[in-house]
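To keep things clear, I will list the structure first and then write my remarks on it.
Naming convention: chains lettered A, B, ... in sequence-line order (proteins, then strands); numbering from 1 in each chain.
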2 protein chains.
Amino acid sequence: MALSQEQYRESGLKLTPQRMAILAYLEGNILHPSAEDVFRAVRRRFPTMSFATVYNTLEMLKKRGKVVELTGDPDKKRFDPNIRPHHHLICTGCRKIVDLKTEFNLTLKAADQAGFQIMGNHIEFTGLCPDCQRKR
Amino acid sequence: MALSQEQYRESGLKLTPQRMAILAYLEGNILHPSAEDVFRAVRRRFPTMSFATVYNTLEMLKKRGKVVELTGDPDKKRFDPNIRPHHHLICTGCRKIVDLKTEFNLTLKAADQAGFQIMGNHIEFTGLCPDCQRKR
DNA sequence: TATCACATTAGAATTGTTCTTGTCAAGATA
DNA sequence: TATCTTGACAAGAACAATTCTAATGTGATA
């Protein structure tokens with residue numbers, strides 16, 4: 001998430017301590033946190049932090065393209081501060097999500113697109129992470 | 001979803017009218033229905049149908065590999081009775097999900113797998129469906 | 001048809017997310 | 001720096017999706 005404080009301000013948004021804390025937590029975070037993960041982490045420094053602020057901020061960042069909302073976890077929303085297109089490994093045991101650097105060249109023939117205007121693609125490799133392999 | 005009534009019984013499950021109605025609705029359904037879609041459809045014939053029955057049945061079918069739970073819709077669980085591996089087109093406007101017949105040969109080098117035991121993969125092509133293109 | 005394990009129902013409970021309302025503070029302006 | 005205005009915040013209520021609970025009902029087998 002390349003989002004400096006200046007960029008932030010320039011886009012007409014107020015830079016509040018709460019938002020800075022959320023940004024700091026997201027910056028470089030590769031754990032694909034849920035809203036609750038963000039909330040729990042940021043609350044340590046801001047005990048009065050509200051869930052609404054977390055959701056509002058994430059929603060705003062999403063609208064501005066600064067974070068991406070992930071699918072792949074059916075139980076909760078997960079967010080990725082890495083906005084460069086990339087794919088994921090997903091553990092079906094613990095729902096851990098790991099970034100993939102591998103690139104794939106995927107194209108769909110027009111005949112297969114069902115009239116869709118394709119904007120992007122995302123590959124989910126599913127399997128068991130090392131921890132979950134050990135447990136079973 | 002190739003699941004005949006005989007297979008159903010043989011696997012030690014009771015075949016109730018409610019379950020038959022759910023199975024009938026799922027059979028050949030390409031709309032990737034949510035639990036509520038199933039509920040609403042089946043309730044027409046079984047006005048006493050309970051949501052719990054829908055969730056229980058879907059969960060059971062999932063456990064037995066007769067349906068697949070989809071990611072791709074962050075707001076609700078969606079189910080696919082087509083258990084043959086295939087990929088999807090997803091409309092970011094209305095969350096319509098369309099099956100793709102196109103096959104891709106995706107392999108990950110061991111070095112890229114982060115120790116995961118890979119079980120499968122799934123590609124989501126995102127974009128706007130024809131209806132949503134018209135609306136914007 | 002009697003029995004029993006399992007399925008069903010209705011609604012309560014839980015979880016994740018969004019909305020509302022009153023208050024407050026960041027950044028702008030003078 | 002003092003004041004103003006707009007948007008952000010906190011707290012909790014509301015909402016939506018899903019899961020659980022307890023009581024009742026029913027399919028399959030003998």
Side-chain angles (χ1 to χ4, degrees), chain A residues 3-25 32-64 66-67 69-79 95, chain B residues 3-25 32-64 66-67 69-79 95:
Chain A
L3 185 65
S4 70
Q5 299 189 2
E6 270 140 45
Q7 284 181 305
Y8 201 87
R9 254 189 295 261
E10 277 163 17
S11 61
L13 297 169
K14 292 181 182 173
L15 188 56
T16 65
Q18 289 87 342
R19 286 182 173 182
M20 282 170 63
I22 292 173
L23 290 170
Y25 175 72
H32 311 87
S34 66
E36 193 185 354
D37 294 331
V38 176
F39 175 70
R40 281 216 305 271
V42 174
R43 190 178 45 174
R44 288 206 295 268
R45 287 211 285 132
F46 290 86
T48 66
M49 169 71 56
S50 159
F51 245 113
T53 300
V54 173
Y55 277 107
N56 287 342
T57 303
L58 287 171
E59 185 60 25
M60 194 202 44
L61 291 171
K62 194 176 85 182
K63 272 214 187 86
R64 287 165 190 273
K66 303 304 182 190
V67 300
E69 180 178 349
L70 299 182
T71 59
D73 187 338
D75 292 332
K76 48 182 64 165
K77 299 189 169 183
R78 304 274 290 262
F79 296 89
R95 290 293 162 191
Chain B
L3 186 65
S4 71
Q5 300 189 2
E6 270 139 45
Q7 284 181 307
Y8 202 87
R9 254 190 295 258
E10 276 163 18
S11 61
L13 296 169
K14 290 181 184 172
L15 189 56
T16 65
Q18 290 87 341
R19 287 182 172 181
M20 282 171 63
I22 292 174
L23 290 170
Y25 175 72
H32 312 88
S34 66
E36 192 184 355
D37 294 332
V38 176
F39 175 70
R40 283 216 303 270
V42 174
R43 189 178 46 174
R44 288 205 295 268
R45 287 210 287 131
F46 291 86
T48 66
M49 169 69 57
S50 158
F51 246 115
T53 299
V54 173
Y55 277 108
N56 287 343
T57 303
L58 287 171
E59 185 59 27
M60 194 200 44
L61 291 171
K62 194 176 84 181
K63 271 214 188 87
R64 288 164 192 273
K66 303 305 182 188
V67 300
E69 180 177 349
L70 299 181
T71 60
D73 187 339
D75 292 332
K76 48 183 63 167
K77 299 190 170 183
R78 304 273 290 262
F79 297 87
R95 291 292 162 192

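- Following rounding to the nearest Å, B/Met20 (CE) and C/dA7 (P) show an atom-to-atom distance of 16 Å.
- Comparing D/dA28, D/dA8, C/dT18 against the side chain of B/Leu15 picks out D/dA28 as the nearest.
- Between A/Arg78 and B/Pro74 the shortest side-chain heavy-atom distance does not fall below 4.5 Å.
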After noting the C-alpha distance and the side-chain angles of B/Thr53 and B/Asn56, does the key distance pass the side-chain hydrogen bond (donor to acceptor under 3.5 Å, both in side chains) rule?
CA-CA 5 Å; B/Thr53 299; B/Asn56 287 343; 5.5 Å; no
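- If you take CZ of A/Phe46 and P of D/dA8, they are 16 Å apart, rounded to a whole angstrom.
- When heavy atoms are screened at a 4.0 angstrom cut-off, A/Glu59 is found touching no nucleic acid atom at all.
- Both B/Pro17 and B/Lys77 lie close to DNA chain D; mapped to their nearest nucleotides by heavy-atom distance, the more 5′-ward contact belongs to B/Lys77.
- Closest to the side chain of A/Thr53, from the set C/dA7, D/dA10, C/dT17, is D/dA10.
- The side chain of A/Lys14 lies closest to D/dG7, out of C/dT8, D/dG7, D/dT19.
- Note: NZ (A/Lys63) to P (D/dG7) measures 14 Å, nearest angstrom.
- A 4.5 Å side-chain heavy-atom check between A/Leu23 and A/Leu61 finds at least one atom pair inside the cut-off.
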Nucleotides 10-12 of chain C: which of its N/O atoms have a protein N/O under 3.5 Å away?
{"from": "C/dA10", "atom 1": "OP2", "to": "B/Thr48", "atom 2": "O", "distance (Å)": "3.1"}
{"from": "C/dA10", "atom 1": "N7", "to": "B/Ser50", "atom 2": "OG", "distance (Å)": "3.3"}

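- Residue whose closest nucleotide on DNA chain C sits further toward the 5' end, between B/Gln18 and B/Pro74: B/Gln18.
- Atom CG of B/Asp37 and atom C1' of D/dT18 are 15 Å apart (whole Å).
- Using a 4.0 Å cut-off, some side-chain N or O of B/Arg19 falls inside it from OP1 or OP2 of C/dT8.
- Across all strands shown, B/Asp75 has heavy atoms under 4.0 Å from sugar-phosphate atoms exclusively, and none from any base.
- Rounding to whole angstrom units, CG of residue B/Asp73 and P of D/dA16 are separated by 16 Å.
- To the nearest angstrom, P of D/dT18 lies 15 Å from NZ of A/Lys76.
- The shortest heavy-atom contact between A/Ser34 and A/Lys76 is CB-CD, 3.6 Å.
- Rounded to the nearest 0.5 angstrom, B/Met49 CE and B/Phe39 CZ are separated by 8.0 Å.
- The phosphate of D/dT19 (OP1 or OP2) has no side-chain N or O of B/Tyr55 nearer than 4.0 angstrom.
- When all heavy atoms of B/Ala21 and B/Phe46 are compared, the pair lying nearest together is CB-CE1, 3.5 Å.
- The distance from atom CZ of B/Phe39 to atom P of D/dA16 is 15 Å, rounded to the nearest whole Å.
- For the atom pair B/Tyr25 OH and B/Arg40 CZ, the distance stands at 8.5 Å (nearest 0.5 Å).
- Across D/dA8, D/dT18, C/dG16, the shortest atom-to-atom separation from the side chain of A/Glu36 is found for C/dG16.
- Using a 4.5 Å cut-off on side-chain heavy atoms (C-beta onward), B/Val54 and B/Gln18 make no contact.
- We find that CG of A/Asn56 is positioned 17 Å from P of D/dG12, with the value rounded to whole Å.
- Contact annotation: A/Ser34 side-chain N/O to C/dG16 OP1/OP2 distance is not under 4.0 Å.
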